[in-house]
Amino acid sequence: MNSKKHKPLITAAAVLIALAASVFQNVFAFDINENSQEHYELEQQASEYEQQLDDTEKEIADKEAESKKLQQQISDLSKKITQSNNKIKTLNNEIDEKQKEIDEKLKAVEDRLNALRVRLRTIYIQGDTTSLEVILGAKDFSDFMDKAELVKNLSDYDNRLIQSLQSEMEVISQEQKKLRSDKEAIEKEKTNLENNKNKINKLNEDNTKLIQELKSTKTTLEDEIKQNDERQKVLEDALAEYNKELSEQLKQKRQQEKLAKQQQKSQQIQKKLAEQQQRDSQNPEIVVPATEDDKFLWPCPGHTNLTSTFEEWRGANNHGALDIADGDVYAAKVIACYKGTVISTNTDCTHDYGKYESCGCGGGYGNYVMIDHGGGKVSIYGHLSAVSVVAGQEVATGQLIGYVGSTGYSTGPHLHFELQLDGVRYDPLTEYE
Ligand SMILES: [Zn+2]
Ligand SMILES: [Zn+2]
């Protein structure tokens, strides 16, 4: 069963739902209470089914063990019945043997009697009728033997022989009688065995039927458990989908709120700077006067901390410029490092805040100013929050050209200060040695 392994999901979901419930209501056609109630009931049901399945399996095992025992008994009984049959067969053979012996003896007696009759007939012809009538009138052999007593003088030889035959026959008869009684005992025993076997067969049949029923119950339970499990999965999937949507909406809402805040702040600054710019353009502000020896001036007066140098490796090439930044660099004044003509500017980036991907404005420089100083030298000032000059404008050394910002591809407020000679970047620090 896997109902247990889904539990953490439910718990985590409940927390998320509690958080989200106040923000979003009835976002989807999805009843979270109904879902969790049904899920709970399914789990209860599943555990009952599991218990029943366990019981059924135990019972099947018991019954199968019993069945095995019964089958063993049946097999033992069958063996004994076969042995009994063999014994009966042997006894029948022996009885037949004895019968044959008895028949032979009878035949011998008969022969003897016939011989005697022939002799008696001879006596009759000679005239001794009394003895003859007595003997010929004998009802059977034993009667004959009694009567023969009367005429034993007639033939002692025959008489002895007949008596010997009689006693042999009696022994054989006794033996045959014993064999018949043995056979009867074994047949009785065999009948008992067969009755026993029939009884056990019946037990085994009942047991087999019961096992079939239990197996069918087991299959039904397994089906129920499977269906229960599938339904739980459906509910869990629906819940997961619901949670995913909720967290997505929460995330979007947070992002929108953050963006709105940033844009609001940016707009305020833009407005302020636009006013400043208006004043500055009417009255060019020289922030730092040029030096007597006419050298380059630091582009961001009062802020000298470098967060990136010319040499810093940026994956495929070096930075090729200076990044000037500190805790309150934002909106600091940026001046022309040297007199010249503004070649180009960009002022259309409104994304004046830290970001981890480029908004694309100004080719990543955001709002910038580019000044041609003559002699092949050009300076670039990137990521400005506002620009105070326009392309084609002449600027003096130290004149205000804009304000530090975080436009374009910038993770936070800083001035990107870049120098080129004949189109090739060089380390700006060499101008300040
Ligand atoms: Zn932008
Ligand atoms: Zn830079």
Side-chain angles (χ1 to χ4, degrees), residues 255-256 258-274 277 296-338 342-371 373 377-391 401-421 423-432:
Q255 277 178 347
Q256 279 165 4
K258 194 175 160 195
L259 202 64
K261 227 184 219 169
Q262 282 167 337
Q263 279 174 345
Q264 196 185 2
K265 193 176 162 194
S266 177
Q267 276 165 7
Q268 284 168 357
I269 291 163
Q270 290 289 332
K271 196 180 159 204
K272 223 163 129 189
L273 290 174
Q277 192 182 0
F296 271 50
L297 293 181
W298 189 249
C300 192
H303 302 277
T304 54
N305 184 57
L306 298 182
T307 53
S308 179
T309 60
F310 182 83
E311 296 299 339
E312 188 188 287
W313 195 249
R314 293 268 171 108
N317 45 31
N318 62 14
H319 181 209
L322 301 179
D323 281 350
I324 301 160
D326 54 43
D328 58 9
V329 78
Y330 187 77
K333 287 174 180 176
V334 177
I335 61 169
C337 61
Y338 195 74
V342 176
I343 312 166
S344 68
T345 65
N346 183 56
T347 58
D348 64 10
C349 182
T350 57
H351 316 108
D352 189 14
Y353 43 81
K355 53 191 96 61
Y356 289 95
E357 54 189 8
S358 182
C359 56
C361 301
Y365 284 91
N367 296 328
Y368 68 86
V369 173
M370 192 184 280
I371 301 169
H373 302 293
K377 284 187 178 178
V378 166
S379 61
I380 301 165
Y381 311 80
H383 311 307
L384 303 176
S385 61
V387 171
S388 310
V389 291
V390 292
I401 56 167
Y403 299 88
V404 173
S406 192
T407 56
Y409 192 2
S410 167
T411 57
H414 76 283
L415 173 64
H416 175 90
F417 178 51
E418 185 175 321
L419 291 180
Q420 296 179 359
L421 178 60
V424 179
R425 293 169 173 192
Y426 69 96
D427 190 349
L429 288 179
T430 56
E431 296 288 357
Y432 304 99

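In listed order, ligands and their atoms are each counted from 1. The first residue in the sequence is number 1, and the count goes up from there. What you see is a predicted model; the values in this text were computed from it and never measured. Keep in mind that the numbers below use all heavy atoms, side chains included, and drop hydrogens, waters and symmetry copies.
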### Task
State plainly whether the residues E312 and R314 are in salt-bridge range, i.e. N to O under 4.0 Å.
yes
### Close side-chain approach of Y381 and C300, heavy atoms under 4.5 Å
no
### Query
Does the side chain of Y409 reach to within under 4.5 Å of the side chain of H416, using non-hydrogen atoms?
no
### Query
Taking C-beta and beyond as the side chain, do L306 and I324 meet within less than 4.5 Å on heavy atoms?
yes
### Query
What class does the angle between the rings of Y365 and H383 fall in, given that below 30° is parallel, 30 to 60° is tilted and above 60° is perpendicular?
parallel
### Query
So, Y353 versus Q263: side-chain donor-acceptor pair below 3.5 Å or not?
no
### Message
Is the shortest side-chain heavy-atom distance between T430 and F310 below 4.5 Å?
### Response
no
### Query
Once you round to the nearest 0.5 Å, how far does OG1 of T309 lie from CG of L322?
7.5 Å
### Summary
What lies under 2.8 Å from the Zn ion (ligand 2), restricted to protein N/O/S atoms, is H319 NE2, D323 OD1, H416 ND1
### Message
In the structure I gave you, are the side-chain heavy atoms of Y338 and S379 within less than 4.5 Å of one another anywhere?
### Response
no
### Message
If I only include protein atoms of type N, O or S, how many are less than 2.8 Å from the Zn ion (ligand 1)?
### Response
4
